[in-house]
Structure formats: C-alpha cells, structure tokens
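The structure under discussion appears below in the form of structure tokens.
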Amino acid sequence: MYFLFTIIKQTTRNFLLTWSSQIFTLLTVGLSVLIFSFFYLVYTNVIDGAQQLGDDLRLTVYLDEQPGKELQEEYRYKIKKFDRVDKIVFVSSKVAYDRFAEQLGDDKDILNDMPQDFLPPAIEVYPIKTLDTLVRIKQFSDYLQTLPGVLKVQYGREWVERFYSFIQLLRIIVILSGSLLILTTTFTVAHTIRLTILGRKKELELLRLLGASSTYIRLPFFLEGALQGLLGSASGIGALYLLYNWMKLRLAGTTMVNLFSFSFFEPPIILAIIILSTVLCASGSFSSTRKFLHI
Amino acid sequence: MYFLFTIIKQTTRNFLLTWSSQIFTLLTVGLSVLIFSFFYLVYTNVIDGAQQLGDDLRLTVYLDEQPGKELQEEYRYKIKKFDRVDKIVFVSSKVAYDRFAEQLGDDKDILNDMPQDFLPPAIEVYPIKTLDTLVRIKQFSDYLQTLPGVLKVQYGREWVERFYSFIQLLRIIVILSGSLLILTTTFTVAHTIRLTILGRKKELELLRLLGASSTYIRLPFFLEGALQGLLGSASGIGALYLLYNWMKLRLAGTTMVNLFSFSFFEPPIILAIIILSTVLCASGSFSSTRKFLHI
Amino acid sequence: MQQRIKKPKVMIDLIKVSKMYPPKVEALADISITVNKGEILFLTGMSGAGKTSLLRLLCRREKPTKGFVEVAGEDLSKLSSRKIQKMRQNIGIAHQDFKLLPNRTVAQNIAISMEVSYKTPVHIRRRTKKLLSQLGLSNKINTLAGELSRGEQQRVTIARAVANEPELILADEPTGNLDSETTGLVMDLFNECNQKGATIVIATHDESIYKNTSHRIIELSQGYMVKSDDAVWPILSGIDPSQEEHPESIGH
Amino acid sequence: MQQRIKKPKVMIDLIKVSKMYPPKVEALADISITVNKGEILFLTGMSGAGKTSLLRLLCRREKPTKGFVEVAGEDLSKLSSRKIQKMRQNIGIAHQDFKLLPNRTVAQNIAISMEVSYKTPVHIRRRTKKLLSQLGLSNKINTLAGELSRGEQQRVTIARAVANEPELILADEPTGNLDSETTGLVMDLFNECNQKGATIVIATHDESIYKNTSHRIIELSQGYMVKSDDAVWPILSGIDPSQEEHPESIGH
Ligand SMILES: Nc1ncnc2c1ncn2[C@@H]1O[C@H](COP(=O)(O)OP(=O)(O)OP(=O)(O)O)[C@@H](O)[C@H]1O
Ligand SMILES: Nc1ncnc2c1ncn2[C@@H]1O[C@H](COP(=O)(O)OP(=O)(O)OP(=O)(O)O)[C@@H](O)[C@H]1O
Ligand SMILES: [Mg+2]
Ligand SMILES: [Mg+2]
C-alpha cells in the first residue's frame, strides 16, 4: 500500500505549489499567537507588578497594652484564622517611640521629656495581596476591631480602595482584550484557511470526481493545518521570547528589573499554547474541506 | 458618457456577487479597528488611572522655623521655578501637632505635656504627576534641600521609584501592543484584500483583454476598498463605543467610576481613525490590482 | 433478462431517466438506454441536447430527477459514499471542460487519477510515459498543463481518463479541439482500451469519428432520444460490438 | 506598398515573426502574413502548431521574440498602454478557452465587452438580445454562464467577441464544441460581420467551415507556415474577399 507515501507526497506538493499562500497563513498564525501570548504574558506580569505597588499596604492595630508572649500567639492565631497574611509584626511602645524619634530627625531632642511608652503598642498586619484579600480588607479591619484589647485599626482606606479599583480595572481590560484577541485570532486564521482552501476548490472537486476517498482529500489538509499551527505558534512564541529578552536587556540598567519580577511562561504553558494552536489549525483546515466532499 | 454610471454599476455588482467575501473583509477590518482603537482607549485611560494612584505622592520639606507670609511667597516662587507643581501646602507646627494628636486618637492626652510647637513646620509639595516629573523627583528633592532654612526633605522614595517604574512598564507594554496590533491589522487587512482580489483574477484578466482602461478596472476596487474601510472602521468604533458604555454601566455601582475618569475618544480622533482606515483600505485594494494591469 | 445473466453483461442501464435543472430547464426527458460491457456508444445531438447531463448522471455528479441509473448492476442512488468513491475509481472521465490543474505538470495531472487508488510510483511513471507517447505528447511531459495549447490539454485530459485502466470510459467531446490527425490517435487509444474490455461512451458532434464505425449511435434532441437502435442490440450476446449500424448524418 | 496606400488597406502585417516560450518552446518561426481589411482568413494546422500563439500576438497578449506585428498600421511593440486599450476595444476575441465569468449571467457576460467602451445600457441590451437570438440562445439570456452547456458557452464567447462591432475579429477554434447546425449559425454571424467591414481571422481544424469558401487559408505546422497563398491575394484590391481558392484538405 502506497497510502502513506501518496499522502505525504500530496502534502509536500501542496506546500510547494501554494507556498506564498502558505507563508501568509503561517505569518497570520504566527502573529496571532504572538499577540495572544504577549497579552497573556502581560496579564500575568502586569497584575503582579501592580500588586507590588501595594507593598506598603498594611493594617495597623493599636492595642491598649503591650501583649505578652502568649497573648501574641493568640493574636497571631486569631488573625490567621480570618485570612491568610503575609506577615505579622508586633510593634512595642519602645519601637514606636524609636521610629517616631527617627522620623523627627534632628528634632528628636524634643522627645526627651516624654515617657518612652507614650505611644501605644501596635500589631502591623500585612495581608497577602491577592485580589480577594483586597476586597475583604474592610471586613478584615472590622474583624480586627473586635479582637480583645484593640484600641483602633488603621489603614490607608482611600488609597486601598483606589488601588483595588485600579487592579480591578486592569483585570477587566486584560480579560476584555484577551477575549477580543481570541475572537480576532480565531476569525482571522479561520478566514485565511478558508480563503486558501477556496483557492484550491478546483483541485478538490477534481479529486472527488476521480473517486478519491475522503481520507485522501482531507488528510493532507489536516496535516498541512497541523504543520501551520505548529510552525506558526512556535515562531509566534519564539518571537515573543525574543521580544521579552530584548525588553529585559533594554531595562537591565533601570530600577524596574529589580522592582518587578518578570517571568516568561513555564514550559507547560508554552506547550499548551502550541498544542492548542496546532489542534485548532488542523481542525479548522480539516473542516473547511467538508463542503467539497459532496460532489 | 456613461462613465460614472458604468463604474457605479460595476462596483455594486462586485459587491453583490462577492458579498460573502465582502462581509468577511468587512468583519476583518471592523475587528481590527475595534482592537486597535480599544488599545488606544486603554492607553489614554489606564495611564491616567495609574497616575491617580500616585495622588499621595508629595515631598515634605521640614523647615527650621515657621516662615512668614513673605518667606512663604518666596518659597512658593522658588519651588515653582524648578518645576510645575500641583499644590503647595504650608503646615505650621500647630497643624502638625493637631494631625499627630488626631493620629494618636484616644491616647492624645499624652501630648498634653508637650509644647504645641515641638514638631517642626513643613511645606508639602505635590508635584504634577506627569512621567517627566516622576523621573525628576529625586532632582526635585535635591533642589528643595538647597533652599535656605530647609532641615530635611522627605518622600516615599522606594514607593515613588516603584510607582514610576510601573507606569513606565505600562507605557512600554501599551506601545508595544499598539505596534504589534498595527502590524497585525495592516497585515491581515492587506492579506484579506489580496486574497479577495486573487479570487477575481480571471475577471481582471478578461477586462484587460477586452481593452478596459485602468480606471475602469481599478476604480471599482478603489471605491470598494474605501467603502469597506469606511463601514469597517465605523462599525469597529461603534462596537467599541457599545463596549465602553456597557463597561461603564457595569461599573456604575462600584467605586471605580468615582475614582477614575473614563472618557471616550474626542470626535476629531474618531474621524481620524475612520479616515485613516478608509484611505488605507482604498489604497490597499487599489494597489493590489496593480499586478493585473500588465497583461 | 434475469439478474444472473444481466449482471455481468450490462454496464449501464438507464431506466426512464429525466433530469431537470433548478428553475425549469429540462435537460433530459424519459431516457432509457442499456449499454453492454465492452460496447462503444456514441452520443450525438445538437449543442444543449443533454449529452453532458447524461454523462454526469453516470458518474453521479448529478442525481436524476426521475428514473433509475444503474452502473455495473448497482443503483447509483442507493450507493454509499464509500462505494461511489470506489466506483469512480473505475470510471475514467474526459470532461468537456478538461478540469486540468493548470499549475501542475502534465505528468502530475495524469498521475493524479492513479494516485487516488494508491498505485505504485513506478507503475504510474511507466503508464504516463506510454500514454503520452501514444498521444504524441512525449516532449510535454514536464510542462505545466496551463502552458499547453488547448488541443494538447484535451489529449492530457484523455490520457488522465484512461490512465487508471477503468472499466467504463466517459468521453465528453474528446476531439473538439483536435485536428483530424490527432483525432485518429485518440480514437486508436479508445479502441485499444475497448479491446482490453473497457466500455466507452463518447459524446460528440464530430461526424468523422463515428461515420465509418460499426458502433451504436444515439442521438439526443432537447433532452429526448430521437434516434436509437437499442432494440436491435442483442443484450444477451455479450462482448461483441460488431453490429452493423449506419449512422445518419446530423442536419446541416 | 507605400505607407499612404497601405495604411487604409492592410489590417494585419506580420513581418518575420518568431515566438519562443520560456524554456525553449518554439511556437512560431519566421511567420510573415499580411491580411487586408475586410478579409476572412482561416488559420489551420495540427494541435500545437501555433495558431493560438499567433492570435495572441495580434492582441498583444504576448510579444514576439523576433519580428514585427502591425495591426491597423501601428507597430504593437511601440504602442502606449492607453493606445493598446483603445486598440483592444476594437478587436473582438473569441478565446479558445472562452474566458467567461461563470457566476455572471449570459447577458452580463456579453455586456461586459460593450461596457468597457461605455456604451449606453439601451444599446447594450438591444445588441445582446439580437446576438443571442441569432445564435439560438434567446432562452438563456438570464442563465448564469457557468450553468450552460459547453456549446452554449462557446456561442456566448462568440457573441461577446462580435458584440462591440470590432474592426478585427479573432476567433480561436470557434466551433470546437458545436454541432454542424449550430456551426452554421456561427458562420452566418461571422459573414454578416464581415459584410459590415470586419476583418476576421479564424483559427480552426474544422474542415467543414472552410471547405467550400473562397477565403484564404494558411496552414501552420510546428510554428512554420507550410501553405499560404499570400502572393495570390492582391494586396491593393481592397475590400473584396471574392478570391477563388480551393483549400487542400489537411492530412488524415
Ligand atoms: N504559455 C506557454 N508557455 C509555454 N509554451 C506554450 C505556451 N503556450 C503555448 N505553448 C506551446 O506552444 C506551442 C504552440 O501552442 P499554441 O497554443 O499556439 O497551439 P495551437 O495551434 O493553438 O494548438 P491547438 O489547436 O491545440 O489549440 C505548443 O507546443 C504549446 O505547448
Ligand atoms: N448546472 C446547470 N444548471 C442549469 N442548467 C444546466 C446546467 N447544466 C446544463 N444545463 C442546461 O441543460 C441543457 C443540456 O445541457 P448539456 O450540458 O447536457 O448539453 P450538451 O448536450 O452537453 O451540449 P454541448 O454539446 O453544448 O456540450 C442545456 O440547455 C443547458 O443549458
Ligand atoms: Mg456537453
Ligand atoms: Mg489553440
């Protein structure tokens, strides 16, 4: 059986005969994957970056008196029970006094007359900065207020709200762009494949009249689509990687690199993108030939 | 002369005969314009939004003594000479004391023994939050330090750096996405038009052999391209406007709307986008027919 | 006409076939024709008489509006898609509009009909060469089909039709673009195929190719059969197409 | 043969024309033909002899490799693109491969040749109807060209070629898909055009259409002119195609 041989020959011939169209399709797929994965990368990194902006975010819980070791543990336990936190710092009156003195700088002599414990002790709670926590920050504050011995809970309320809204906004935008892009990408690739196949209508009709089996007609298109998806997405991701490295290089001198941790996709995600593109292109190409089967 | 009549008839006929291709091209143009202008809108609005995050950004200039009216004017003058600022607030020792007392809350009694002017007077400088200013904030601080009677200049240095970097990052991303999108859009539209015209190769060749003038052959394509550009971009912008309103509606209840000012494009920008698309499509379509002119 | 005897002998059986194209073009009306295995049948008639439509029914490019079309004993309307593929591999069609692929070479165009039934490359090459030399096209083997003259294209179409050694050959106006000398080559090829057992139906208006043959001629006019010697043909006599039949020349 | 006399009388003047297609296909070699205004010329020859190539040179679809091609006194290789457009509007070509637009109606396909020179819609409609009735296609006026039989398509091609009342008609195998009756209609149409002053060059292998005419016949063989009665034709005698000439039948 020269089945495989014939199919492969057919596929290669198609590729060679219509190479200019093929290259265009490849470019379309490549660019689409580039744009899409670029967006995905931005999504993961910018939201990370934005969250690092909120590093100062903390709730200060003023206490009526200095808690002992045991009480500290109890506070810790109770706080953690409500929500996951990044860090809990106990600030004694002494430490608060020292900080204040430092803040006053040269004027710190004026504090000399004051008792070292005139400032109340406090707990600084640094919540984990997931979006969920940000939404719940007011509830968190209310909860902390109910703990025994708490005088007052303070946080930059207006700023937190603004910050939360901004991240929310970013998220909506990224998701919206993402869906728009997926829509456009799918559409473009489908359209391109459709037009390419339409350009070979004559050939498909002829094959049908010659009694070619569906496999004989469609398998080459399937392989072609798969190859295009594979090469296209691989080159798209490759281009993104180059872009990513170029940006990193360009930013190497600036503070940005130190402040934000940029990271490229993990291998599983790269693999997923490539496999998905391949499957999409292959099945798109495959199903585009359907209408030529009924002659 | 039935010149105009014939051309218009020809254009209409083309539109009717190839309506499915036409609709695909229209969709491609529409989606491309939608994506592109969406990005442009995001660019203008997100960077605005991010800058509002930095509202707290101020430099606190501690002075050795309370400045008089005249000295205040002089400070104001000198500060403004260096850079445009949003706001300059003079904080007297008294005001600083009150703020501190308020911050202490119920514990403010402890301050009773202190002299009301134990905290140094200060000037709070709120710089205008353009990117340029943010870059120069350190220089600004250094400059303020050199003013007479200044004890110390304080600002959230780390935070400002991080914030500045983030906005910078956002800007790079938006510009990069923009260029990628322009690239893809142009490519897609050009490719689509090319394929559509390729599908009518036979007709163009025939017209040439019948002695049709270049105008006769190309004008319908030009008009068709222009119409596609016009309708496509108009519907793209229309879709964006719907999206924008839908988002606004959805966010109506949240704090976001109050915090950030979203705005749609000004009419001149809308006009510019539409005209540009029309010209691009028309000339793309026009020039795609070039190769059929030499038969 | 029992099933057992009929099956091996009859290649084509059209029973009261009509074909209407969409709005209301009556291309064929009430046609009944039986063609035995190994026969050569000429189909004549004015332009638009329905010759091509009849051939289209035989390879199931179209379905009849009324009546039955049986090829090799199978009712085409009842065949599964897979069986139709198999059947088409056994029918060689020289289309009136050629249906060549202009950007493939002559060799590739001919090979394609053998590739669909997965013939070996060696066989394909040998057969292609032989056919081209028979049709006087040996020097064009690697030329693109689109760069041939119309008459050369027509011969390539014929070569493709017979390449796979089909049992049934449908040739639609196979000599329309050929001079009389080349027409001779084509007819020789058809006769050779016929000798090897192929049934051949030729739709043509070229008197010269059927004037002096002994084969049956059916004339169509506006979809109706106006001249047929169906009854004369002895259905049970088998593969012996040596009937004496004198065609009338068609109106001038 | 001074310029002044020659210009109004000679329609086509080929001077030692050769045509090579890219690798090294010699389609025409050293052809010299003069065709007077109002003449009908038959071009015969085997398939691949170079008939279509010669016609292609006359409408500047191809440029000669060597020699000069003059149509209506103008050297085609020196014409500007605008002038070539004008010239083509005055040449009606019935292509061997038809070049119809399959998804336009018959009327639209014919109209297109008149639209390029901006004729009025009324004129176009009247002319289209007249031609179709002359060719027996009145009932197909609004059918898509792709749904016609080949012979019907061929007639539409001929109608399109003559529709714009061109001075020069190039018909490439105009009757290849037509029966003898329909061929008669086509030849009548050509004769009518000729009577109105059109020069006509017909490339054909169909003996029946030139057997009994008095027109000149030129035979090509592998690119060379093998039979021509060029010298016999009195170049200066003007529009009077009544020469007695008996064509030899081409080899069988
Ligand atoms: N575009 C082309 N490129 C290469 N070779 C060509 C091209 N067109 C024609 N030929 C070759 O030139 C020769 C003459 O071709 P032409 O079409 O003129 O023949 P013809 O006399 O019209 O034949 P027919 O009666 O078959 O139409 C043939 O051998 C053909 O293969
Ligand atoms: N796809 C179609 N749709 C509508 N009408 C059609 C179609 N194909 C053919 N016809 C019509 O059916 C009739 C018969 O057509 P057919 O092609 O069978 O003629 P033919 O005998 O092959 O003629 P020719 O000698 O010109 O090829 C014609 O009137 C034609 O216009
Ligand atoms: Mg036919
Ligand atoms: Mg020819």
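In what follows, chains carry the letters A, B, and so on, assigned in the order in which the sequence lines appear, proteins first and then strands, with residues in each chain numbered from 1. Reckoned from all heavy atoms, side chains included, excluding hydrogens, waters and symmetry mates.
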Applying a strict 4.5 Å limit to non-hydrogen atoms, the region of T175(D) in contact with chain C is backbone

S149(C) versus chain D, heavy atoms under 4.5 Å apart: side chain, backbone, both or neither? side chain

S113(C) meets the side-chain hydrogen bond (donor to acceptor under 3.5 Å, both in side chains) criterion, sequence neighbours left out, with none

Taking every heavy-atom pair that is under 4.5 Å apart, which of L137(D), D172(D), T52(D), L178(D) has the most such pairs with chain C? L178(D)

Atom group of T183(C) that falls short of 4.5 Å from chain D, counting heavy atoms: neither

Less than 4.5 Å apart, side chain to side chain, heavy atoms only: is that true for Y210(C) and T44(C)? yes

Can you tell me if CD on Q222(D) sees more than 12 non-hydrogen neighbours from other groups inside 6.0 Å? no

Quick check on K51(C) against chain D: is it the side chain, the backbone, both or neither that has a heavy atom closer than 4.5 Å? neither

What is the minimum heavy-atom distance between D179(D) and G45(C), and which atoms define it? CB-O, 4.3 Å

Heavy-atom proximity to chain D below 4.5 Å, by part of E173(C): side chain

Chain C interface, residue from T182(D), D97(D), N139(D) that has the most non-hydrogen pairs under 4.5 Å: D97(D)

Any salt bridge linking E147(C) with R104(C)? Criterion: basic side-chain nitrogen under 4.0 Å from a carboxylate oxygen. no

For the interface with chain D, which of S53(C), P23(C), G176(C) has the highest count of heavy-atom pairs at distances below 4.5 Å? G176(C)

If you measure from the Lys or Arg side-chain nitrogens to the Asp or Glu carboxylate oxygens, is any gap between E26(D) and K66(D) under 4.0 Å? no

